[in-house]
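Inspection log for the structure reproduced underneath, given as structure tokens.
Indexing begins at 1, ligand by ligand and atom by atom, following the structure's order.
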Amino acid sequence: MRRARPGAVAGRFGDLLFDVKLPAEFVQRLRPLIAGRSVCVTGGAGFIGGHLVDALLALQARVSVIDDLSNASAEHLVELMELDPSSLRFVQGSILDDSALNEALAGAQVVFHLAAVGSVPLSIEHPERSWAVNDAGCVRVLQGARRAGVKRVVYSASSSAYGDVPGPVVPRVESQLPAPLSPYAASKLAGEFAMRAWSASYGIETISLRYFNVFGPRQSAGTPYSAVIASFARAILLGEQPVVFGDGLQSRDFTPVASAVAANLLSATTTQTLAGQVVNIGTGTRTDLLTLVKLMADRAGRPGAVPTFRPARTGDPRHSLADIAGARSLLGYQPIGTLEEALTETLAWFRTTLAAK
Ligand code: UD1
């Protein structure tokens with residue numbers, strides 16, 4: 001069985017299987033608030049969902065996962081279930097299937113809704129599928145949550161809602177008018193409005209977390225839809241040239257996955273009234289892709305690696321940078337770790353995984 005690095009978040013599962021570290025103080029503070037609670041994670045076999053499941057189990061929650069495995073494997077969940085079958089349930093099914101959803105939601109007090117078709121270019125090729133899963137799916141989850149008597153839904157939204165703002169790069173604030181550029185961005189934004197409306201209409205507590213380019217171990221690489229850090233890590237470690245779409249001067253607020261996990265846990269446990277608020281989850285710093293290639297190549301021991309350039313992608317915003325004051329004040333959120341630390345951790349995971357293939 002695979003072992004995580006020493007120092008990974010510890011719980012009844014010890015250090016096994018956890019690839020991302022949450023601060024010990026954070027874990028100690030949240031464990032009493034989460035231990036023993038029943039929660040459901042939609043999309044829990046996926047990249048961010050899987051790390052959230054790890055943390056929830058370490059904090060001694062009772063977790064059910066629904067995932068259709070359309071963009072994920074059950075391998076990690078199966079390993080976790082072997083460790084403690086009584087803490088984790090897995091329903092293989094779509095959030096568009098009410099009977100699967102009912103099964104997954106039964107008894108849940110909190111739902112973390114991460115299931116989605118999560119790629120800008122994929123949404124441009126298949127807009128109706130993105131819309132069906134990301135919007136009809138969102139409403140299905142909210143309705144299922146109502147049926148199951150769930151108190152709170154924590155929704156994974158996207159900073160792509162902001163689109164592009166001409167002129168100098170300024171951090172995105174939640175009060176800014178959204179301007180989605182792709183079907184994906186529009187679909188994730190519509191989900192936020194559903195969260196707000198279901199809260200106002202039915203009293204269910206909801207919050208939308210607008211993630212800014214989350215990355216880390218276990219993110220999928222090697223497909224045309226893979227996120228940039230995973231793609232660069234794979235290429236650099238395999239001795240290939242990372243592909244940059246456009247001039248490489250576009251920038252993103254690259255957010256270690258531990259921060260996204262922490263934001264979900266804080267949302268589940270806050271005593272603030274949640275009624276559809278939207279908060280940015282990022283770091284407040286941005287990095288352009290050329291700098292990113294250099295940072296990663298240096299850390300991977302391939303300082304000479306140079307990218308190859310392809311035309312810019314349709315639907316790509318030029319820059320993306322979070323103002324995280326809203327999340328700080330509502331949730332007490334703060335980013336975990338630095339970009340450099342998280343890149344090192346991510347590269348180490350990809351190195352081990354690629355070597356094992
Ligand atoms: C990403 C997420 C999206 C999330 C959003 C939040 C993925 C696949 N997409 O979108 O779910 O809601 O952040 O802000 O995780 N690029 C390259 N080379 C590559 C891959 C990408 O140059 O091999 C470029 C892209 O053209 C883009 C930038 O890197 O300019 C970021 O692309 P990507 O990682 O796909 O993320 P977003 O589209 O920003």
Indicate yes or no for a side-chain donor-acceptor contact from [X] to the backbone of [Y] under 3.5 Å, with no hydrogens or angles considered.
X: E174; Y: N280; value: yes
X: S201; Y: W198; value: no
X: R31; Y: A58; value: yes

Margin query: Among T255, N213, D253, exactly one meets side chain to side chain donor-acceptor pair (under 3.5 Å) together with T283. Which residue is that?
Written below: D253

Notebook entry, point to check: Does F47 have R218 sitting over its ring (NZ/CZ under 6.0 Å from centre, angle to axis within 45°)?
Noted result: no

Checklist line | Row check, Y162 ring normal vs R210 NZ/CZ: under 6.0 Å, within 45° | finding: yes

Check: Which protein residues have a heavy atom under 4.0 Å from ligand 1?
Finding: G118, V120, S158, S159, Y184, Y211, F212, N213, Q219, Y225, A227, V228, S231, F232, V243, V244, F245, Q250, R252, L289, R313, D316

